[in-house]
Structures are given as C-alpha cells and as structure tokens.
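The shown structure was predicted, so the numbers you read here are calculated from the model rather than taken from an experiment. Here, residue 1 is the first one in the sequence, and each next residue gets the next number.
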Amino acid sequence: MTQTTGVTITGASGRMGQMLIAQVNASGKHHLAGAVERSGHPWVGLDLGEVMGGASTGLKVTDDPLEAIAKSQAIIDFTAPAATLEFAALAAQARAVHVIGTTGMSDDEIAALEPASRHAVIVRAGNMSLGVNLLTQLTKRVAAALDEDYDIEVIEAHHNQKVDAPSGTALMLGEAAAEGRGVALNDVADRGRDGITGARKRGDIGFTAIRGGDIVGEHDVMFAAAGERIILRHIASDRSVFARGALKAALWGQGRAPGQYDMLDVLGLNDTPG
C-alpha cells in the first residue's frame, strides 16, 4: 500500500475545517493526523468523528498544535492571522508543509512568515481553487492589454459570517490587475466609497464587497470603458473546491525546497518557475 500524507487540520470545527476533514477522509492520498481547535473550545478532548456526527475515529481534537503537527507531513490552515503565524513557526520546526488559506493578513503579518519559510514549504493563497487561479492569470493579461481608459472594479460576494473585506481572493485579483498594469496595488486601490466621493480617479482599481446569506464565493473583475464592459467571473457553489485545492497543495509541497509558494506554482500556471 502506498504511504499517504499525514495532514493536520486547524480550526477543525469551522466551515472549512469540517470540509477539509471530509475531503481528507475521502482521499486515497492523505490521512488525518491531527485536528486542532483553540483552548476552551467544546470539541477539545472529544472524538473527532463523534463531534462531527459520525462514528468514532479514535482521533481526539486537541488544543496542542505542536503535538498534532509533529505527527504530520502537512498542516492545512484556514484560521486567523495571529494563529497562522503561531502555526507557521511550529510547522517550520517539524519541517511540515504549511498550506495557508487564511485571509485578512496584513503586509506585516505576511512578512512575518519569512523566517518560517527558510525551514519549511509554505503555500499561501487567497483562494485555493483552480478556477480562481486561472481567473487571476486572465485578469493580469487583460489588464496588461487594456489602458487606463478601462476602469477596473473587483466585485466580490460572500456569506454573512465572513469577517474580512475585501476578500483575500478579491485582493489577489486586484494584485494581478495591478501587476498587469505595472503599478503597485497600494497606490491605486479604492477600497471604500461613501458620501460625496467625487469622480472616480483614472487608473484606480476599485473594490466592492457584498455580504449576505450563505454565498460561498463570487468574484467579478470588470473592465469598463465608454461604450463597453468586459467581465471576468468565477462562482464557487461548494467549498469543496477550496478543500481539494488545499489538499493538492499539501501533496505538491512534499519534498520541495523550503520557501514561499502560491497556488499558481502548485498548478504550474506561473509565468516563471516559483
């Protein structure tokens, strides 16, 4: 029997955590090595299968990430920035691949991943789906082909429990558009409009965030000029697309040189090798 990759899931009780656990259990290439929740969470110390409404698995949810990560070849992390930085240090100690789907990380927090990436593989992306990463490449190419006569607007929609805006995917798409135009996103981003804002500034990349119901994730990149609009769109109707991408990244990272990578590297879509 071919050896499978041991994976620890952080934030096990969350929407993505439970989806990731289900996908690991359904995979023939991975096995669940650990499930982590924060201290004081009601799942801690209980059998993972039972708290998820199924049969006993013998694997207990832990609040000790070091113990879980030490038994793993990969950690998949869709949590919060502060927790992600803690997990990055532990994954580096264990030389485990750290797949990061956490959004809302500041530039300083992203920079703080650098020490860990000297010792272990980090795959970080605002979105793990194949379709979104193709959309990112298309956005970059269309932005490079069109001049500032075309206003760029990134429009995203998510469920009403999402805590950050714009979404990590929207920012990833904005970065791609800015890169296509040869500018820094921080110099041209328009992330808030309210009241008398005046006319739109030529060359800005705008962001619009919608929150409601149980929307999994919808992203449009609109290029609008006088007389025409070009709209690139991706709609996710099932979180399993993100989970499958994260598992692909965990497998891809095995045996790679330490460093920071993204899903374009995993999918072979980068213009140059990552």
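- Salt bridge Glu153/Arg200: present, at least one basic N to carboxylate O contact under 4.0 Å.
- Taken from CE in Met128 to CG in Leu267, the straight-line distance is 10.5 Å, to the nearest 0.5 Å.
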Item to complete: Could you go through the side chain to side chain contact (heavy atoms under 4.5 Å, CB included) check for Glu109 and Leu85 one step at a time?
Response: CA-CA 7 Å; Glu109 287 165 335; Leu85 293 179; 4.1 Å; yes
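- Checking side-chain atoms of Asp47 against main-chain N and O of Thr57 turns up a donor-acceptor pair under 3.5 Å.
- Using a 4.5 Å cut-off between side-chain heavy atoms of Ile, Leu, Val, Met, Phe, Trp and Tyr, with links allowed through other members, Phe207 and Met222 fall into different hydrophobic clusters.
- With rounding to the nearest 0.5 angstrom, the CD1 atom of Ile215 is 9.5 Å from the NE2 atom of His159.
- Leu232 is listed as a side-chain neighbour of Phe223, based on a closest heavy-atom distance under 4.5 Å.
- Annotation: side chain of Gln93 is not in contact with side chain of Ile69 (no heavy-atom distance under 4.5 Å).
- At least one donor-acceptor pair closer than 3.5 Å links the side chain of Gln137 to the backbone N or O of Leu269.
- When all heavy atoms of Phe78 and Ile76 are compared, the closest pair comes out as CE1-CG2, 3.7 Å.
- No donor-acceptor pair closer than 3.5 Å links the side chain of Ser117 to the backbone N or O of Gln260.
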Working for side chain to side chain contact (heavy atoms under 4.5 Å, CB included), residues Val61 and Glu37 | CA-CA 7 Å; Val61 180; Glu37 259 302 344; 3.9 Å; yes
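- Counting heavy atoms from C-beta outward, Val97 and Val99 have side chains that approach closer than 4.5 Å.
- Taking CG of Leu146 as the reference point, atom CD1 of Ile152 lies at 8.0 Å (rounded to 0.5 Å).
- Around atom CG of Asp214, no more than 12 heavy atoms belonging to other residues, nucleotides or ligands sit under 6.0 Å away.
- Between Asp77 and Thr102, the closest side-chain pair of non-hydrogen atoms falls below 4.5 Å.
- Comment: Asp220 engages Arg233 in a salt bridge, judged by a side-chain N to carboxylate O separation of less than 4.0 angstrom.
- Residues Glu148 and Arg181 come closest through the heavy atom pair CA-NH2, 3.8 Å.
- The two residues Val121 and Gly253 have their closest heavy-atom pair at CG2-O, 3.7 Å.
- Residue Phe242 is grouped with residue Leu134 when hydrophobic side chains (ILVMFWY) are merged at heavy-atom distances under 4.5 angstrom, including chains of intermediate members.
- Side-chain heavy atoms closer than 4.5 Å link hydrophobic residues (I, L, V, M, F, W, Y) into clusters, and following such links, even through other members, never connects Leu130 to Met19.
- Ser240 and Asp238 share a side-chain donor-acceptor pair at under 3.5 Å.
- A donor-acceptor distance shorter than 3.5 angstrom exists from the side chain of Asp265 to the backbone of Asp262, with no hydrogens or angles considered.
- Nearest heavy atoms, His119 versus Arg95: O-CD, 3.0 Å.
- No donor-acceptor pair closer than 3.5 Å links the side chain of Gln23 to the backbone N or O of Arg244.
- Exactly one residue among Ile155, Thr139, Val142 makes a side chain to side chain contact (heavy atoms under 4.5 Å, CB included) with Val221. That residue is Thr139.
- Looking only at distances, a side-chain donor or acceptor of Thr84 sits under 3.5 Å from a matching main-chain atom of Ala80.
- Between Ile9 and Leu32 there is a side-chain heavy-atom pair separated by less than 4.5 Å.
- Val51 and Met16 fall within a single hydrophobic cluster, where Ile, Leu, Val, Met, Phe, Trp and Tyr are joined by side-chain heavy atoms under 4.5 Å apart, directly or via other members.
- Looking only at distances, a side-chain donor or acceptor of Gln18 sits under 3.5 Å from a matching main-chain atom of Ser13.
- Here the straight-line distance linking atom CD1 of Ile122 with atom CD1 of Ile75 works out to 10.5 Å at 0.5 Å rounding.
- Counting all heavy atoms, side chain and backbone alike, Gly203 lies closest to Val188 at O-CB, 3.7 Å.
- We find the CE-CD distance between Met172 and Glu175 to be 10.5 Å, quoted to the nearest 0.5 Å.
- Put simply, the side chain of Leu48 reaches to within 4.5 Å of the side chain of Ile21, judged on heavy atoms.
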Requested in this report: For Leu135 and Leu173, run side chain to side chain contact (heavy atoms under 4.5 Å, CB included): C-alpha distance rounded to whole Å, both residues' side-chain angles, the deciding distance at 0.1 Å, then the answer.
Outcome: CA-CA 8 Å; Leu135 177 62; Leu173 293 167; 3.8 Å; yes
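- Around atom NZ of Lys162, more than 12 heavy atoms belonging to other residues, nucleotides or ligands sit under 6.0 Å away.
- In this structure, Asp190 contributes its side chain and Arg193 its backbone to no donor-acceptor pair below 3.5 Å.
- Taking 4.0 Å as the cut-off between side-chain N and carboxylate O, Arg211 and Glu156 count as a salt-bridged pair.
- The side-chain heavy atoms of Ser237 and Val216, taken from C-beta on, include no pair separated by under 4.5 Å.
- Between Pro166 and Asp164, the closest heavy-atom pair is O-OD2, 3.9 Å.
- Side-chain contact of Ser129 with Asn127: a donor-acceptor pair under 3.5 Å is present, judged by distance alone.
- Looking at Gln254, its side chain does come within 3.5 Å of a backbone N or O of Ala250 through a donor-acceptor pair.
- Connection of Tyr261 to Leu247 is established within a shared hydrophobic cluster, with ILVMFWY side chains joined at heavy-atom distances below 4.5 Å, either directly or through further cluster members.
- At a threshold of 4.5 Å between non-hydrogen side-chain atoms, the residues Thr169 and Thr103 do not count as touching.
- To the nearest 0.5 angstrom, Lys71 atom NZ is 11.0 Å from Leu66 atom CG.
- Residues His219 and Ser167 have side chains that bring a donor and an acceptor to within less than 3.5 angstrom of each other.
- For the residue pair His30 and Thr5, no side-chain donor N or O sits within less than 3.5 Å of a side-chain acceptor on the partner.
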